[in-house]
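Order of appearance sets the numbers: ligands from 1, and atoms from 1 within every ligand.
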Amino acid sequence: EAEPVNYHSKLSEQLANLELGIEYKLDLKNEDLTTLSELGAGNGGTVTKVLHEKSGTVMAKKVVFIDAKPTVRKQILRELQILHECNSKYIVSFYGAYLSEPHICMCMEFMDKGSLDAIYKKYGPIPPEVCGKIAVAVVHGLTYLYDEHRIIHRDVKPSNILVNGMGQIKICDFGVSGELINSIADTFVGTSTYMSPERIQGDQYSVKSDVWSLGVSVIEVALGRFPFADGEGGSDDEDDLPADLAGTLSPTKPNPHLSARLDGAAAKDKAKRRKSRSGVSLEGSSAQMSILDLLQHIVNEPPPKLPEGKFPKEMEEFVNICLVKDPAKRQTPKELTRHKYVVDSEAAKVDLLGWVTAMN
Ligand SMILES: O=c1[nH]ccc2cc(OC[C@@H]3CCNC3)c(Cl)cc12
């Protein structure tokens, strides 16, 4: 009979280590984790709330299926170790990752109020002052990832911005492993509808592409709906392209099929708008913007913006700066840390605790 673990001594030992700043790594494995509940699915994985028995720590465990050779999975596991060094109050903490063939399991800090997409879908549009705190968290989180680790998030959206019961707002699911990005890109078409114009066109994209996604995300949570006109998109799961394009989307090289289709969609889009202006209501699917229309819309139409005069001036301006279509003219996360909206929001006394406590 194994010696019963004395939780108290274990925890106080760990607290002592923490105080001494001693990094301790838990060797995580399935048999030490008890599943408590389901948290969500999306981004190519499922997330469950688990208890790590030995340390008494409640965690969020994300399980990702990687359709690749075991050597690739091992490489991904090695690359994920960088997450141990990603320490910021704006980044969800990482406890460790392990292989449970053919899955990769990642254990992270549990954020008990969940993701922003679920929050606004349940409680309605997020108050502008809370949006300010969200902008602060994402801008500083992105700046930390890039300045300290040269990491570009690649998937900024409300479902990857999490909240906990202490009113802390943190980002998760950033692209830390090159192999993981490749394997998801191959198996997952991943035409995220938060993609910047330059990324949709396969042009070189940078940390500024994350700023575009932040702009779309702030409008979405402030309005309580995905901002592109009657777009079907915006679900937190990846929307798939039609089969013939599946797997051809690459964030790095221009895609001839796509640009041809985008031009075609552009013609359709204009025709649709003309028809609808003539008062003929578009029935069924033709009225719902398909993912292709949406990609074409983002590339060719003016960027979305907040409705005039309904939000603080500097919030409108912040969003417009994030949504500058030309990446050369768009600011970096670091430059945005000096924007009035971010600086004022950081200093503002916002009762985030009250906001999260109202959520049961
Ligand atoms: O507590 C969490 N920690 C880390 C990741 C995480 C992810 C979560 O949800 C992710 C899914 C993805 C799409 N929508 C929600 C939730 Cl609901 C909690 C946590």
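For Asp27 and Lys29, the salt-bridge test passes: some basic side-chain N is under 4.0 Å from an acidic carboxylate O. Of the charged side-chain nitrogens involved, at least one lies within less than 4.0 Å of a carboxylate oxygen, so that Lys62 and Asp173 count as a salt-bridged pair.
No part of Asp112 comes within 4.0 Å of ligand 1, judged by heavy-atom distances. Within the 4.0 Å heavy-atom criterion, neither part of Ala118 lies near ligand 1. Only the backbone of Glu109 comes within contact range of ligand 1, with a heavy atom under 4.0 Å; no side-chain atom does.
Applying the ring pair (Phe, Tyr, Trp, His ring centres under 6.0 Å) test to pairs two or more places apart or on separate chains, those with a residue in residues 152-171 are His153-Phe174.
Taking every heavy atom of Ala60 and a limit of under 4.0 angstrom, the matching atoms of ligand 1 come to 1 (O), 2 (C), 3 (N), 4 (C). Per-residue contacts place Phe110 under 4.0 angstrom from the following atoms of ligand 1 (heavy atoms of the residue considered): 1 (O). Each of the following atoms of ligand 1 lies closer than 4.0 Å to a heavy atom of Ser115: 15 (C).
Counting heavy atoms only, Leu162 comes closest to atom 6 (C) of ligand 1 of the residues Thr48, Leu162, Asn164.
For the atom pair Asp210 CG and Arg154 CZ, the distance stands at 8.5 Å (nearest 0.5 Å).
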Expected list for residues 129-145: side-chain donor-acceptor pairs under 3.5 angstrom, two or more places apart:
from: Lys133; atom 1: NZ; to: Ser345; atom 2: O; distance (Å): 2.8
from: Lys133; atom 1: NZ; to: Glu346; atom 2: O; distance (Å): 3.2
from: Lys133; atom 1: NZ; to: Ala348; atom 2: O; distance (Å): 2.9
from: His140; atom 1: NE2; to: Glu346; atom 2: OE1; distance (Å): 3.3
from: Thr143; atom 1: OG1; to: Val139; atom 2: O; distance (Å): 2.7
from: Thr143; atom 1: OG1; to: Lys334; atom 2: N; distance (Å): 3.4
from: Tyr144; atom 1: OH; to: Glu85; atom 2: O; distance (Å): 3.1
from: Tyr144; atom 1: OH; to: Asn87; atom 2: N; distance (Å): 2.8
from: Tyr144; atom 1: OH; to: Asn87; atom 2: O; distance (Å): 3.3
from: Tyr144; atom 1: OH; to: His149; atom 2: NE2; distance (Å): 2.9

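For ligand 1, one of its N or O atoms has an N or O atom of Met111 under 3.5 Å away.
Aromatic pair His52/Tyr95: ring centres not closer than 6.0 Å.
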